[in-house]
Number of protein chains: 2
Amino acid sequence: MARPSDVHAKIDLLRAAEQAFVEHGLEKARVEDITAKAGRSKGSFYLHFQSKEDAFRQIVEGFLARLAAMVEYPVDLDADFETIITSWHEKDLELFEFFWQNRAVAQLLLHGGSSAQFRYMVDEFAERARTNCRMLVELGQARGYYRQDLDLDVTSLAIAGAYDRVVRELVAQPKKPDLSRWLETVQDLLLRGLAANPERARRRPRS
Amino acid sequence: MARPSDVHAKIDLLRAAEQAFVEHGLEKARVEDITAKAGRSKGSFYLHFQSKEDAFRQIVEGFLARLAAMVEYPVDLDADFETIITSWHEKDLELFEFFWQNRAVAQLLLHGGSSAQFRYMVDEFAERARTNCRMLVELGQARGYYRQDLDLDVTSLAIAGAYDRVVRELVAQPKKPDLSRWLETVQDLLLRGLAANPERARRRPRS
DNA sequence: AACCATATTGACCCGTCAGTCAACAATGGC
DNA sequence: GCCATTGTTGACTGACGGGTCAATATGGTT
(Lines give C-alpha, C1' and ligand atoms only; values in the text may rest on other atoms or scores of the structure.)
Protein backbone atom coordinates (compact mmCIF):
# COMPACT_ATOMS: atom_id res chain seq x y z
CA MET A 1 0.00 0.00 0.00
CA ALA A 2 1.66 3.19 -1.13
CA ARG A 3 0.25 6.71 -1.28
CA PRO A 4 -3.26 6.92 0.13
CA SER A 5 -5.73 8.81 -2.05
CA ASP A 6 -6.88 12.26 -1.16
CA VAL A 7 -10.13 11.75 0.67
CA HIS A 8 -11.31 15.29 -0.02
CA ALA A 9 -11.06 14.98 -3.77
CA LYS A 10 -14.51 13.67 -4.51
CA ILE A 11 -16.22 16.06 -2.13
CA ASP A 12 -14.35 19.00 -3.59
CA LEU A 13 -15.28 17.93 -7.08
CA LEU A 14 -18.93 17.41 -6.23
CA ARG A 15 -19.13 20.84 -4.69
CA ALA A 16 -17.47 22.49 -7.66
CA ALA A 17 -19.61 20.51 -10.08
CA GLU A 18 -22.76 21.55 -8.29
CA GLN A 19 -21.71 25.16 -8.56
CA ALA A 20 -20.83 24.85 -12.24
CA PHE A 21 -24.06 23.06 -13.10
CA VAL A 22 -26.10 25.66 -11.26
CA GLU A 23 -24.28 28.40 -13.11
CA HIS A 24 -24.27 27.00 -16.63
CA GLY A 25 -26.54 23.97 -16.74
CA LEU A 26 -25.42 20.45 -17.56
CA GLU A 27 -24.63 20.99 -21.24
CA LYS A 28 -22.73 24.24 -20.95
CA ALA A 29 -20.76 23.43 -17.82
CA ARG A 30 -17.24 22.36 -18.78
CA VAL A 31 -15.41 19.60 -16.94
CA GLU A 32 -12.29 21.75 -16.95
CA ASP A 33 -14.17 24.53 -15.16
CA ILE A 34 -15.22 22.07 -12.52
CA THR A 35 -11.73 20.71 -11.97
CA ALA A 36 -10.21 24.19 -11.97
CA LYS A 37 -12.72 25.33 -9.37
CA ALA A 38 -11.99 22.28 -7.26
CA GLY A 39 -8.27 22.81 -7.65
CA ARG A 40 -7.89 19.37 -9.23
CA SER A 41 -6.87 18.02 -12.58
CA LYS A 42 -9.14 16.83 -15.29
CA GLY A 43 -7.92 13.28 -14.84
CA SER A 44 -8.92 13.34 -11.20
CA PHE A 45 -12.47 14.03 -12.24
CA TYR A 46 -12.54 10.79 -14.21
CA LEU A 47 -11.19 8.84 -11.25
CA HIS A 48 -14.38 9.62 -9.40
CA PHE A 49 -16.98 9.85 -12.13
CA GLN A 50 -17.67 7.85 -15.25
CA SER A 51 -18.59 10.96 -17.14
CA LYS A 52 -19.90 14.48 -16.72
CA GLU A 53 -23.43 13.09 -16.75
CA ASP A 54 -22.51 10.64 -14.02
CA ALA A 55 -21.44 13.47 -11.72
CA PHE A 56 -24.65 15.27 -12.48
CA ARG A 57 -26.69 12.18 -11.73
CA GLN A 58 -24.93 11.67 -8.41
CA ILE A 59 -25.73 15.22 -7.36
CA VAL A 60 -29.34 15.00 -8.41
CA GLU A 61 -29.91 11.55 -6.96
CA GLY A 62 -28.41 12.55 -3.64
CA PHE A 63 -30.66 15.56 -3.43
CA LEU A 64 -33.81 13.76 -4.53
CA ALA A 65 -33.19 10.81 -2.21
CA ARG A 66 -32.98 13.05 0.83
CA LEU A 67 -35.99 14.97 -0.40
CA ALA A 68 -38.08 11.87 -0.99
CA ALA A 69 -37.30 10.68 2.52
CA MET A 70 -38.74 13.90 3.88
CA VAL A 71 -41.88 13.89 1.77
CA GLU A 72 -42.88 10.31 2.27
CA TYR A 73 -43.40 10.38 5.96
CA PRO A 74 -46.02 7.92 7.12
CA VAL A 75 -49.44 9.45 7.63
CA ASP A 76 -51.09 8.11 10.74
CA LEU A 77 -54.52 7.46 9.31
CA ASP A 78 -56.05 6.93 12.71
CA ALA A 79 -54.91 10.24 14.10
CA ASP A 80 -57.27 13.04 14.84
CA PHE A 81 -57.55 15.26 11.77
CA GLU A 82 -56.29 18.30 13.59
CA THR A 83 -53.17 16.34 14.51
CA ILE A 84 -52.64 15.42 10.89
CA ILE A 85 -52.87 19.06 9.87
CA THR A 86 -50.40 20.09 12.53
CA SER A 87 -48.00 17.37 11.53
CA TRP A 88 -48.46 18.47 7.94
CA HIS A 89 -47.40 21.97 8.86
CA GLU A 90 -44.34 20.77 10.73
CA LYS A 91 -43.22 18.55 7.92
CA ASP A 92 -43.70 21.32 5.41
CA LEU A 93 -41.57 23.60 7.50
CA GLU A 94 -38.80 21.00 7.54
CA LEU A 95 -39.17 20.70 3.80
CA PHE A 96 -38.88 24.46 3.34
CA GLU A 97 -35.79 24.47 5.52
CA PHE A 98 -34.33 21.72 3.43
CA PHE A 99 -35.00 23.58 0.21
CA TRP A 100 -33.45 26.69 1.66
CA GLN A 101 -30.35 24.80 2.74
CA ASN A 102 -30.04 23.21 -0.68
CA ARG A 103 -31.28 26.11 -2.73
CA ALA A 104 -28.50 25.88 -5.31
CA VAL A 105 -29.35 22.34 -6.41
CA ALA A 106 -33.03 23.04 -6.01
CA GLN A 107 -32.77 25.93 -8.46
CA LEU A 108 -30.84 23.76 -10.85
CA LEU A 109 -33.60 21.17 -10.88
CA LEU A 110 -36.59 23.48 -10.73
CA HIS A 111 -35.33 25.59 -13.57
CA GLY A 112 -34.56 22.62 -15.76
CA GLY A 113 -30.81 23.09 -15.98
CA SER A 114 -30.88 19.34 -16.37
CA SER A 115 -31.15 18.03 -19.88
CA ALA A 116 -34.07 15.96 -21.09
CA GLN A 117 -32.43 12.72 -19.98
CA PHE A 118 -32.74 13.69 -16.31
CA ARG A 119 -36.09 15.37 -16.39
CA TYR A 120 -37.88 12.15 -15.60
CA MET A 121 -36.34 12.14 -12.13
CA VAL A 122 -37.73 15.55 -11.29
CA ASP A 123 -41.04 14.81 -12.94
CA GLU A 124 -41.33 11.58 -11.02
CA PHE A 125 -40.73 13.36 -7.77
CA ALA A 126 -43.26 16.07 -8.63
CA GLU A 127 -45.78 13.39 -9.43
CA ARG A 128 -45.19 11.63 -6.12
CA ALA A 129 -45.54 14.87 -4.19
CA ARG A 130 -48.77 15.53 -5.95
CA THR A 131 -50.11 12.04 -5.27
CA ASN A 132 -49.21 12.48 -1.64
CA CYS A 133 -51.14 15.72 -1.61
CA ARG A 134 -54.08 14.05 -3.32
CA MET A 135 -54.20 11.40 -0.62
CA LEU A 136 -54.33 14.01 2.09
CA VAL A 137 -57.18 15.79 0.37
CA GLU A 138 -59.04 12.52 -0.07
CA LEU A 139 -58.58 11.74 3.60
CA GLY A 140 -59.92 15.16 4.54
CA GLN A 141 -62.91 14.52 2.31
CA ALA A 142 -63.58 11.12 3.82
CA ARG A 143 -63.51 12.65 7.27
CA GLY A 144 -65.99 15.31 6.19
CA TYR A 145 -63.64 18.19 6.77
CA TYR A 146 -63.29 19.00 3.10
CA ARG A 147 -65.92 19.69 0.51
CA GLN A 148 -67.36 16.68 -1.30
CA ASP A 149 -67.56 18.45 -4.65
CA LEU A 150 -63.80 18.77 -5.08
CA ASP A 151 -62.25 17.34 -8.20
CA LEU A 152 -59.33 15.48 -6.64
CA ASP A 153 -57.12 15.54 -9.72
CA VAL A 154 -57.31 19.20 -10.51
CA THR A 155 -57.41 20.27 -6.88
CA SER A 156 -54.29 18.33 -5.97
CA LEU A 157 -52.58 19.81 -9.01
CA ALA A 158 -53.43 23.32 -7.94
CA ILE A 159 -52.25 22.71 -4.38
CA ALA A 160 -49.01 21.10 -5.52
CA GLY A 161 -48.52 24.01 -7.90
CA ALA A 162 -49.01 26.59 -5.20
CA TYR A 163 -46.28 24.98 -3.11
CA ASP A 164 -44.11 24.49 -6.13
CA ARG A 165 -44.16 28.14 -7.07
CA VAL A 166 -43.57 29.30 -3.53
CA VAL A 167 -40.56 27.01 -3.27
CA ARG A 168 -39.23 28.32 -6.59
CA GLU A 169 -39.42 31.81 -5.20
CA LEU A 170 -37.92 30.71 -1.91
CA VAL A 171 -34.79 29.24 -3.46
CA ALA A 172 -34.27 32.43 -5.45
CA GLN A 173 -34.33 34.70 -2.39
CA PRO A 174 -31.08 36.39 -1.42
CA LYS A 175 -31.95 36.35 2.28
CA LYS A 176 -33.79 33.66 4.15
CA PRO A 177 -37.41 34.75 4.47
CA ASP A 178 -39.77 33.89 7.29
CA LEU A 179 -40.50 30.34 6.17
CA SER A 180 -43.13 29.74 8.76
CA ARG A 181 -45.11 32.82 7.78
CA TRP A 182 -44.92 31.95 4.09
CA LEU A 183 -46.11 28.46 4.82
CA GLU A 184 -48.94 29.64 7.01
CA THR A 185 -50.15 31.98 4.31
CA VAL A 186 -50.21 29.21 1.75
CA GLN A 187 -51.81 26.66 4.03
CA ASP A 188 -54.38 29.15 5.18
CA LEU A 189 -55.35 30.03 1.64
CA LEU A 190 -55.65 26.40 0.64
CA LEU A 191 -57.40 25.19 3.77
CA ARG A 192 -60.09 27.80 3.38
CA GLY A 193 -60.48 26.75 -0.23
CA LEU A 194 -60.79 23.11 0.73
CA ALA A 195 -62.88 23.29 3.85
CA ALA A 196 -66.47 22.14 3.95
CA ASN A 197 -67.15 24.38 6.88
CA PRO A 198 -65.43 27.73 6.47
CA GLU A 199 -65.29 28.39 10.19
CA ARG A 200 -63.17 25.34 10.87
CA ALA A 201 -60.63 26.41 8.29
CA ARG A 202 -59.36 29.44 10.14
CA ARG A 203 -55.94 28.62 11.40
CA ARG A 204 -55.45 28.44 15.09
CA PRO A 205 -52.54 30.59 16.13
CA ARG A 206 -49.56 28.31 16.55
CA SER A 207 -48.26 27.79 20.04
CA MET B 1 -34.99 40.37 -60.38
CA ALA B 2 -34.48 36.69 -61.05
CA ARG B 3 -35.74 33.67 -59.19
CA PRO B 4 -38.12 34.55 -56.37
CA SER B 5 -37.35 32.87 -53.08
CA ASP B 6 -39.44 30.05 -51.77
CA VAL B 7 -41.93 31.72 -49.46
CA HIS B 8 -42.58 28.54 -47.55
CA ALA B 9 -38.97 28.00 -46.57
CA LYS B 10 -38.94 30.01 -43.36
CA ILE B 11 -42.26 28.66 -42.17
CA ASP B 12 -41.17 25.09 -42.87
CA LEU B 13 -37.93 25.65 -41.02
CA LEU B 14 -39.63 27.25 -38.02
CA ARG B 15 -42.03 24.36 -37.75
CA ALA B 16 -39.25 21.79 -37.97
CA ALA B 17 -37.09 23.75 -35.53
CA GLU B 18 -39.92 23.93 -33.03
CA GLN B 19 -40.35 20.18 -33.26
CA ALA B 20 -36.62 19.54 -32.89
CA PHE B 21 -36.27 21.89 -29.93
CA VAL B 22 -39.24 20.33 -28.19
CA GLU B 23 -37.79 16.90 -28.76
CA HIS B 24 -34.15 17.53 -27.84
CA GLY B 25 -33.88 20.95 -26.26
CA LEU B 26 -31.88 23.84 -27.64
CA GLU B 27 -28.41 22.39 -27.03
CA LYS B 28 -28.99 18.89 -28.28
CA ALA B 29 -31.10 19.75 -31.31
CA ARG B 30 -28.95 19.68 -34.45
CA VAL B 31 -29.36 22.14 -37.28
CA GLU B 32 -29.05 19.31 -39.77
CA ASP B 33 -31.97 17.52 -38.14
CA ILE B 34 -34.04 20.65 -38.49
CA THR B 35 -33.19 21.16 -42.14
CA ALA B 36 -33.69 17.49 -42.93
CA LYS B 37 -37.10 17.55 -41.28
CA ALA B 38 -38.02 20.68 -43.21
CA GLY B 39 -36.76 19.14 -46.44
CA ARG B 40 -34.27 22.01 -46.89
CA SER B 41 -30.54 22.36 -46.92
CA LYS B 42 -28.35 23.55 -44.11
CA GLY B 43 -27.48 26.68 -46.04
CA SER B 44 -31.12 27.55 -46.36
CA PHE B 45 -31.36 27.61 -42.58
CA TYR B 46 -28.70 30.30 -42.43
CA LEU B 47 -30.49 32.37 -45.05
CA HIS B 48 -33.33 32.82 -42.60
CA PHE B 49 -31.62 32.73 -39.22
CA GLN B 50 -28.41 34.19 -37.88
CA SER B 51 -27.76 31.12 -35.78
CA LYS B 52 -29.48 28.24 -34.09
CA GLU B 53 -30.08 30.46 -31.08
CA ASP B 54 -31.66 33.07 -33.32
CA ALA B 55 -34.22 30.56 -34.57
CA PHE B 56 -34.93 29.54 -31.01
CA ARG B 57 -35.36 33.15 -29.97
CA GLN B 58 -37.78 33.81 -32.81
CA ILE B 59 -39.91 30.87 -31.78
CA VAL B 60 -39.93 31.83 -28.12
CA GLU B 61 -40.48 35.53 -28.75
CA GLY B 62 -43.35 34.82 -31.06
CA PHE B 63 -45.00 32.62 -28.52
CA LEU B 64 -44.43 34.95 -25.57
CA ALA B 65 -45.56 38.01 -27.50
CA ARG B 66 -48.89 36.42 -28.31
CA LEU B 67 -49.15 35.18 -24.75
CA ALA B 68 -48.38 38.57 -23.23
CA ALA B 69 -51.03 40.15 -25.39
CA MET B 70 -53.57 37.76 -23.91
CA VAL B 71 -52.55 38.21 -20.31
CA GLU B 72 -52.29 41.96 -20.23
CA TYR B 73 -55.83 42.74 -21.06
CA PRO B 74 -57.02 46.00 -19.55
CA VAL B 75 -58.89 45.60 -16.29
CA ASP B 76 -61.86 47.93 -16.10
CA LEU B 77 -61.34 49.22 -12.59
CA ASP B 78 -64.77 50.81 -12.45
CA ALA B 79 -66.60 47.65 -13.33
CA ASP B 80 -68.71 45.80 -10.88
CA PHE B 81 -66.58 43.17 -9.13
CA GLU B 82 -68.71 40.32 -10.33
CA THR B 83 -68.13 41.49 -13.89
CA ILE B 84 -64.40 41.51 -13.30
CA ILE B 85 -64.51 37.93 -12.05
CA THR B 86 -66.54 36.81 -15.01
CA SER B 87 -64.18 38.54 -17.41
CA TRP B 88 -61.29 36.92 -15.53
CA HIS B 89 -62.79 33.51 -16.14
CA GLU B 90 -63.31 34.17 -19.82
CA LYS B 91 -59.80 35.40 -20.31
CA ASP B 92 -58.38 32.43 -18.47
CA LEU B 93 -60.31 30.10 -20.71
CA GLU B 94 -58.85 31.83 -23.75
CA LEU B 95 -55.44 31.46 -22.19
CA PHE B 96 -55.95 27.77 -21.55
CA GLU B 97 -57.08 27.33 -25.15
CA PHE B 98 -53.97 29.12 -26.30
CA PHE B 99 -51.74 26.91 -24.23
CA TRP B 100 -53.46 23.85 -25.54
CA GLN B 101 -53.06 24.99 -29.14
CA ASN B 102 -49.40 25.74 -28.55
CA ARG B 103 -48.64 22.95 -26.15
CA ALA B 104 -45.44 21.90 -27.86
CA VAL B 105 -43.70 25.25 -27.40
CA ALA B 106 -45.29 25.67 -24.01
CA GLN B 107 -43.78 22.41 -22.85
CA LEU B 108 -40.43 23.44 -24.22
CA LEU B 109 -40.48 26.63 -22.19
CA LEU B 110 -42.10 25.31 -19.04
CA HIS B 111 -39.71 22.41 -18.82
CA GLY B 112 -36.67 24.56 -19.33
CA GLY B 113 -35.55 23.08 -22.62
CA SER B 114 -34.23 26.56 -23.17
CA SER B 115 -30.71 27.16 -21.98
CA ALA B 116 -29.85 29.64 -19.25
CA GLN B 117 -29.53 32.47 -21.74
CA PHE B 118 -33.23 32.40 -22.52
CA ARG B 119 -34.59 31.70 -19.10
CA TYR B 120 -34.94 35.37 -18.34
CA MET B 121 -37.68 35.64 -20.95
CA VAL B 122 -39.78 32.97 -19.32
CA ASP B 123 -39.01 34.26 -15.84
CA GLU B 124 -39.97 37.76 -16.87
CA PHE B 125 -43.27 36.54 -18.19
CA ALA B 126 -43.95 34.52 -15.05
CA GLU B 127 -43.20 37.60 -12.99
CA ARG B 128 -45.58 39.73 -14.99
CA ALA B 129 -48.33 37.16 -14.72
CA ARG B 130 -47.84 37.08 -11.00
CA THR B 131 -47.89 40.87 -10.70
CA ASN B 132 -51.07 40.91 -12.69
CA CYS B 133 -52.54 38.40 -10.29
CA ARG B 134 -51.36 40.45 -7.34
CA MET B 135 -53.15 43.49 -8.67
CA LEU B 136 -56.39 41.60 -8.99
CA VAL B 137 -56.12 40.36 -5.41
CA GLU B 138 -55.36 43.88 -4.23
CA LEU B 139 -58.38 45.19 -6.05
CA GLY B 140 -60.56 42.54 -4.46
CA GLN B 141 -59.20 43.51 -1.09
CA ALA B 142 -59.84 47.21 -1.66
CA ARG B 143 -63.40 46.40 -2.62
CA GLY B 144 -63.84 44.38 0.54
CA TYR B 145 -64.49 41.13 -1.25
CA TYR B 146 -61.26 39.58 -0.14
CA ARG B 147 -59.81 39.11 3.31
CA GLN B 148 -57.73 41.98 4.64
CA ASP B 149 -55.20 39.74 6.33
CA LEU B 150 -53.81 38.31 3.10
CA ASP B 151 -50.10 38.63 2.47
CA LEU B 152 -50.19 39.88 -1.09
CA ASP B 153 -46.75 38.63 -2.05
CA VAL B 154 -47.08 35.07 -0.88
CA THR B 155 -50.73 34.80 -1.84
CA SER B 156 -50.15 35.97 -5.39
CA LEU B 157 -47.27 33.51 -5.63
CA ALA B 158 -49.45 30.64 -4.54
CA ILE B 159 -52.20 31.59 -6.96
CA ALA B 160 -49.80 32.00 -9.86
CA GLY B 161 -48.26 28.66 -8.92
CA ALA B 162 -51.58 26.87 -8.91
CA TYR B 163 -52.29 28.07 -12.45
CA ASP B 164 -48.75 27.33 -13.49
CA ARG B 165 -48.89 23.73 -12.41
CA VAL B 166 -52.29 23.16 -13.95
CA VAL B 167 -51.04 24.55 -17.25
CA ARG B 168 -47.98 22.29 -17.08
CA GLU B 169 -50.27 19.33 -16.70
CA LEU B 170 -52.56 20.60 -19.42
CA VAL B 171 -49.84 20.82 -22.05
CA ALA B 172 -48.72 17.29 -21.21
CA GLN B 173 -52.16 15.75 -21.76
CA PRO B 174 -52.59 13.47 -24.75
CA LYS B 175 -56.22 14.45 -25.23
CA LYS B 176 -57.75 17.86 -24.72
CA PRO B 177 -59.37 17.89 -21.29
CA ASP B 178 -62.40 19.90 -20.26
CA LEU B 179 -60.61 23.21 -19.90
CA SER B 180 -63.59 25.01 -18.50
CA ARG B 181 -64.07 22.47 -15.74
CA TRP B 182 -60.40 22.51 -14.79
CA LEU B 183 -60.48 26.26 -14.66
CA GLU B 184 -63.60 26.34 -12.58
CA THR B 185 -62.12 23.95 -10.07
CA VAL B 186 -59.04 26.11 -9.67
CA GLN B 187 -60.89 29.38 -9.50
CA ASP B 188 -63.35 27.96 -7.06
CA LEU B 189 -60.62 26.71 -4.76
CA LEU B 190 -58.81 30.02 -4.86
CA LEU B 191 -61.85 32.24 -4.58
CA ARG B 192 -62.97 30.44 -1.45
CA GLY B 193 -59.49 30.85 -0.05
CA LEU B 194 -59.49 34.54 -0.82
CA ALA B 195 -62.99 35.55 0.04
CA ALA B 196 -63.81 37.62 3.10
CA ASN B 197 -67.31 36.29 3.11
CA PRO B 198 -67.36 32.55 2.35
CA GLU B 199 -70.91 32.62 1.07
CA ARG B 200 -70.09 35.03 -1.71
CA ALA B 201 -67.29 32.83 -2.95
CA ARG B 202 -69.47 30.00 -4.17
CA ARG B 203 -69.43 30.05 -7.91
CA ARG B 204 -72.64 30.80 -9.66
CA PRO B 205 -73.32 28.17 -12.29
CA ARG B 206 -72.22 29.56 -15.62
CA SER B 207 -74.94 30.33 -18.13
C1' DA C 1 18.07 6.08 0.59
C1' DA C 2 16.19 3.06 -2.62
C1' DC C 3 12.22 0.92 -4.13
C1' DC C 4 7.52 0.10 -5.16
C1' DA C 5 2.63 0.73 -5.67
C1' DT C 6 -0.64 3.68 -6.38
C1' DA C 7 -2.40 8.51 -7.03
C1' DT C 8 -2.38 12.38 -9.98
C1' DT C 9 -1.70 15.09 -13.86
C1' DG C 10 -2.54 17.72 -18.24
C1' DA C 11 -1.20 17.52 -23.12
C1' DC C 12 -3.28 15.23 -26.56
C1' DC C 13 -6.74 12.80 -29.38
C1' DC C 14 -10.85 12.67 -31.74
C1' DG C 15 -15.84 12.99 -32.57
C1' DT C 16 -19.29 16.39 -33.12
C1' DC C 17 -21.55 20.17 -35.09
C1' DA C 18 -22.34 25.20 -35.97
C1' DG C 19 -21.52 27.99 -39.52
C1' DT C 20 -19.28 29.12 -44.47
C1' DC C 21 -18.83 29.54 -49.29
C1' DA C 22 -17.70 28.07 -53.98
C1' DA C 23 -20.36 25.72 -57.19
C1' DC C 24 -24.63 25.03 -59.21
C1' DA C 25 -29.72 25.74 -60.31
C1' DA C 26 -33.65 28.34 -61.40
C1' DT C 27 -35.91 32.32 -63.14
C1' DG C 28 -37.10 36.32 -65.92
C1' DG C 29 -35.89 39.68 -69.45
C1' DC C 30 -34.40 40.15 -73.89
C1' DG D 1 -31.86 30.40 -76.44
C1' DC D 2 -28.74 33.17 -73.86
C1' DC D 3 -27.40 35.95 -70.16
C1' DA D 4 -27.61 38.19 -65.77
C1' DT D 5 -29.14 37.84 -61.33
C1' DT D 6 -30.44 35.85 -57.32
C1' DG D 7 -31.66 31.48 -54.75
C1' DT D 8 -30.02 27.06 -53.06
C1' DT D 9 -26.97 23.54 -51.85
C1' DG D 10 -24.00 20.39 -49.06
C1' DA D 11 -19.08 19.25 -48.62
C1' DC D 12 -15.91 21.44 -45.89
C1' DT D 13 -13.61 23.97 -41.92
C1' DG D 14 -12.48 25.11 -37.44
C1' DA D 15 -13.61 25.45 -32.70
C1' DC D 16 -14.83 23.19 -28.86
C1' DG D 17 -14.65 20.13 -25.19
C1' DG D 18 -15.28 15.26 -23.35
C1' DG D 19 -12.47 11.62 -22.30
C1' DT D 20 -7.60 9.03 -22.30
C1' DC D 21 -3.16 7.60 -20.88
C1' DA D 22 1.90 7.93 -20.74
C1' DA D 23 4.52 10.41 -17.74
C1' DT D 24 5.28 12.00 -13.19
C1' DA D 25 4.66 12.80 -8.19
C1' DT D 26 3.90 11.10 -3.65
C1' DG D 27 4.20 8.54 0.50
C1' DG D 28 4.83 4.26 2.78
C1' DT D 29 8.00 0.36 3.58
C1' DT D 30 12.27 -1.86 4.25
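Naming: A, B, ... by sequence-line order, numbering from 1 per chain.
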A.B. asks: Return yes when atom CZ of Arg15(B) has more than 12 non-hydrogen atoms of other residues, nucleotides or ligands closer than 6.0 Å, and no otherwise.
C.D. replies: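 Check fails, neighbour count at 12 or below.
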A.B. asks: Would you mind telling me which of dG10(C), dG10(D), dC17(C) lies closest to the side-chain atoms of Ser41(B)?
C.D. replies: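 Looking only at heavy atoms from C-beta outward on Ser41(B), the closest nucleotide is dG10(D).
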A.B. asks: Quickly work out the Asp33(B) CG to dG19(C) P distance and round it to whole Å.
C.D. replies: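 It works out to 15 Å between those atoms.
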A.B. asks: Residues of residues 43-54 of chain B with any non-hydrogen atom less than 4.0 angstrom from an atom of DNA chain C: list those, numerically ordered, please.
C.D. replies: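 Heavy-atom contacts with DNA chain C come from Tyr46(B), Ser51(B), Lys52(B).
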A.B. asks: Could you tell me how far apart Leu13(A) (CG) and dT9(C) (P) are, to the nearest whole angstrom?
C.D. replies: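 It works out to 9 Å between those atoms.
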A.B. asks: Distance-only check: which donor-acceptor pairs under 3.5 Å involve side-chain atoms of residues 57-66 of chain A, not counting sequence neighbours?
C.D. replies:
| residue | atom | partner | partner atom | Å |
| --- | --- | --- | --- | --- |
| Gln58(A) | OE1 | Lys10(A) | NZ | 3.3 |
| Gln58(A) | NE2 | Asp54(A) | OD2 | 3.4 |
| Arg66(A) | NE | Gly62(A) | O | 3.4 |

A.B. asks: In whole Å, I'd like the distance from the CZ atom of Arg30(B) to the P atom of dG10(D).
C.D. replies: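 Computing the Arg30(B):CZ to dG10(D):P distance gives 17 Å.
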A.B. asks: Taking atom CG of Asp188(A) and atom NE2 of His89(A), what is their separation to the nearest 0.5 Å?
C.D. replies: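 It comes to 10.5 Å.
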A.B. asks: Just the rounded figure in Å: distance from P of dG28(D) to CG of Asp6(A).
C.D. replies: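 Computing the Asp6(A):CG to dG28(D):P distance gives 13 Å.
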A.B. asks: Figure out the CZ/C1' separation between Phe56(B) and dA18(C), and round it to whole Å.
C.D. replies: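 Going from CZ in Phe56(B) over to C1' in dA18(C) covers 16 Å.
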A.B. asks: Any base atoms under 4.0 Å from Ala29(A), or only sugar-phosphate, or nothing? Heavy atoms, all strands.
C.D. replies: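 Sugar-phosphate, no base atom in range.
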A.B. asks: Is there a donor-acceptor contact under 3.5 Å linking the side chains of Trp182(B) and Asp178(B)?
C.D. replies: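 No - no donor-acceptor pair under 3.5 Å links their side chains.
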A.B. asks: Separation of Ile34(B) atom CD1 from dC17(C) atom C1', in whole Å?
C.D. replies: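 So the CD1-C1' distance, Ile34(B) to dC17(C), works out to 12 Å.
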A.B. asks: May I ask you to decide if the ring planes of Phe56(B) and Phe21(B) are parallel, tilted or perpendicular, using 30° and 60° as cut-offs?
C.D. replies: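 Geometry flag for Phe21(B) against Phe56(B): perpendicular rings.
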A.B. asks: Distance-only, no hydrogens or angles: does the Asp151(B) side chain make a donor-acceptor pair with backbone N or O of Val154(B) under 3.5 Å?
C.D. replies: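 A pair under 3.5 Å: yes.
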A.B. asks: Just how far, in rounded Å, is P of dC17(C) from CG of Leu26(B)?
C.D. replies: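 Going from Leu26(B) (CG) to dC17(C) (P), I get 13 Å.
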A.B. asks: Tell me which one of Lys176(A), Lys91(A), Arg103(A) satisfies salt bridge (Lys or Arg N to Asp or Glu O under 4.0 Å) with Glu97(A).
C.D. replies: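 Single pass found, and it is Lys176(A).
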A.B. asks: How are the rings of Tyr163(B) and Phe96(B) set to each other: parallel, tilted or perpendicular (split at 30° and 60°)?
C.D. replies: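 The arrangement is perpendicular - the two ring planes meet at more than 60°.
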A.B. asks: N/O contacts under 3.5 Å, protein versus nucleotides 22-25 of chain D?
C.D. replies:
| residue | atom | partner | partner atom | Å |
| --- | --- | --- | --- | --- |
| dA25(D) | N3 | Arg3(A) | NH1 | 3.2 |

A.B. asks: Distance check needed: dT8(D) C1' versus Lys42(B) NZ, whole Å only.
C.D. replies: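 That distance rounds to 15 Å.
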A.B. asks: Checking Thr155(B) side chain against Leu152(B) main chain: does a donor-acceptor pair fall under 3.5 Å?
C.D. replies: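 Not confirmed, Thr155(B) side chain does not pair with Leu152(B) backbone.
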